[in-house]
Amino acid sequence: MPSPEILESAGVLYTDFFRFISDSLHPRSYFEIGTQLGRSVRSFTCSAVCVDPHFMLDQDVLAGRPQTHFYQIPSDTYFAENDLRSIFKLGPDICFLDGMHRSEYLLRDFMNTERLCHKQSIIFMHDYLLANARMALRTHEIGDVSEGNWQHAWTGDVWKVVPLLKKFRPDLKIFYLDCAPTGLVAVSNLDPGDTSLRESYSGLVDELRNLDLNTFTLRRLWNETPVISSRSLMEFPEDITLYMSIY
Ligand SMILES: C[S@@+](CC[C@H](N)C(=O)[O-])C[C@H]1O[C@@H](n2cnc3c(N)ncnc32)[C@H](O)[C@@H]1O
């Protein structure tokens, strides 16, 4: 493991940024994998579909929302047995992938979600800008007290999906937002008809296995990615459509 190093996202809390997205882009539909307490879905007021094998809702996630659908099953089962288009006929406007924090799971969630999207949908992914290498382990291990607030944080190795998509899907538009605590990735210019990821899934999993933070390095992960300031976007909301638009 590389020597401990703490890098911090300077932006606004991701749920505050989502509230801003909800208010400025006015999505009609929201699809979420990984809901847990309900903090992320609560940022949106449109109709929502939430998938999580173990909901732990502790807040009102229904307030003001026309429809909310909960599926208490793993995302792979959800995709195998359900059709999101039966609820969102046009496809979801906004998606948030925040389920199992292992790269091959996120890759499958991305592939399965993209095919249900429309051309203007935006898929957000969580936990790209990790603060230290311990957080990126594939199992959740509690850190040492020297990590301070990060001691219990776990992003897993989902960071790997971004370099993979950049390499194999150069047609996608990928932006990084510096939202606290661990960043948000926004993927647009989606192609619901794309089958390339599905067709090369097993080779892509080999690529994921071979990506290693020791060689890729945490610094490169931070330095190689053009990071958009979430604070600036919220200060100049008219700029949001330079980066994303759902209509
Ligand atoms: C980090 S939490 C989600 C937090 C939530 N999105 C928020 O922002 O407050 C991750 C969630 O993913 C769920 N999860 C784990 N494995 C999953 C799977 N295979 N499919 C869908 N969700 C999964 C866990 O039960 C957990 O509630």
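As the structure lists them, so they are numbered: ligands from 1, and atoms in each ligand from 1. Starting from 1, each residue takes its place in the sequence as its number.
The shortest heavy-atom distance from M56 to ligand 1 is not under 4.0 Å. Remark: distances from the non-hydrogen atoms of F55 to ligand 1 are all 4.0 Å or more. Heavy-atom distances between L37 and ligand 1 stay at or above 4.0 Å for every pair.
Ligand 1 has no nitrogen or oxygen under 3.5 angstrom from a nitrogen or oxygen of H126. Inclusion of S40 in the set of residues having an N or O under 3.5 Å from an N or O of ligand 1 is warranted. At least one N or O atom of D98 sits closer than 3.5 Å to an N or O atom of ligand 1. Backbone and side-chain nitrogen or oxygen atoms of I73 are examined, and none is located within less than 3.5 angstrom of a nitrogen or oxygen of ligand 1. Below 3.5 Å of separation, one finds no N or O of H101 facing any N or O of ligand 1.
Taking atom 15 (C) of ligand 1 as the reference point, the nearest protein heavy-atom neighbour is M100 N, 3.8 Å. Of the protein's non-hydrogen atoms, S75 N, 2.9 Å is the one closest to atom 20 (N) of ligand 1. The protein non-hydrogen atom at the shortest distance from atom 19 (N) of ligand 1 is P74 CB, 3.7 Å. The protein heavy-atom contact nearest to atom 8 (O) of ligand 1 is Y14 OH, 2.5 Å. Of the protein's non-hydrogen atoms, the one nearest atom 23 (C) of ligand 1 is P53 CD, 3.2 Å. Shortest contact from atom 11 (C) of ligand 1 to any protein heavy atom: D52 OD2, 3.5 Å. The nearest protein atom to atom 12 (O) of ligand 1, hydrogens excluded, is given as G99 CA, 3.4 Å; this is a heavy-atom distance.
Aromatic pair F88/Y30: ring centres not closer than 6.0 Å.
Among residue pairs with one or both ends in residues 212-241, those qualifying as ring-ring contact (aromatic ring centres under 6.0 Å, His included) are W159-F216; sequence neighbours excluded. Identified under the side chain to side chain donor-acceptor pair (under 3.5 Å) test for residues 9-18, with sequence neighbours left out: D16-R19.
There is a path of hydrophobic side-chain contacts, each under 4.5 Å, that joins V161 to I33. In the hydrophobic cluster analysis, where Ile, Leu, Val, Met, Phe, Trp and Tyr join through side-chain heavy atoms closer than 4.5 angstrom, Y128 is grouped together with M125. A single hydrophobic cluster is seen to contain both Y243 and F124, as judged by linkage of ILVMFWY side chains at heavy-atom distances under 4.5 Å, directly or through other members.
Between D157 and R102 there is no salt bridge, since none of the side-chain N atoms of the basic residue sits less than 4.0 Å from a carboxylate O of the acidic one. Look at E147 and R134 and you find a salt bridge, because one of the NZ, NE, NH1 or NH2 atoms lies within 4.0 Å of a carboxylate O, short of that distance. Ion pairing between a basic and an acidic side chain is recognised when a charged N comes within 4.0 Å of a carboxylate O; E32 and R42 show no such pairing. No salt bridge links E104 with K160; every basic N to acidic carboxylate O contact stays at or beyond 4.0 Å.
Residue contacts with ligand 1 for D76 are absent, since no atom lies close enough (heavy atoms, distance under 4.0 Å). The proximity of F96 to ligand 1, defined as any non-hydrogen pair under 4.0 Å, is limited to the side chain.
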Exercise for the section: Might you work through the side chain to side chain contact (heavy atoms under 4.5 Å, CB included) test for M135 and W154, ending with a clear yes or no? Expected result: CA-CA 5 Å; M135 287 166 58; W154 180 50; 5.6 Å; no

Exercise for the section: Kindly determine whether D171 and R169 satisfy salt bridge (Lys or Arg N to Asp or Glu O under 4.0 Å), including the steps that lead there. Expected result: CA-CA 5 Å; D171 54 316; R169 288 290 306 280; 3.0 Å; yes

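Taking every non-hydrogen atom of R39 and a distance limit under 4.0 Å, the qualifying atoms of ligand 1 come out as 9 (O). Atom numbering of ligand 1 starts at 1 in the shown order; those under 4.0 Å from a heavy atom of T35 are 5 (C). Against a heavy-atom cut-off of under 4.0 Å, I33 is close to the following atoms of ligand 1: 21 (C). Shown in contact with G34 at under 4.0 Å from a heavy atom are these atoms of ligand 1, numbered in order with element: 3 (C), 5 (C), 6 (N), 11 (C), 12 (O).
The distance from the NE2 atom of H69 to the CD1 atom of I87 is 4.0 Å, given to the nearest 0.5 Å.
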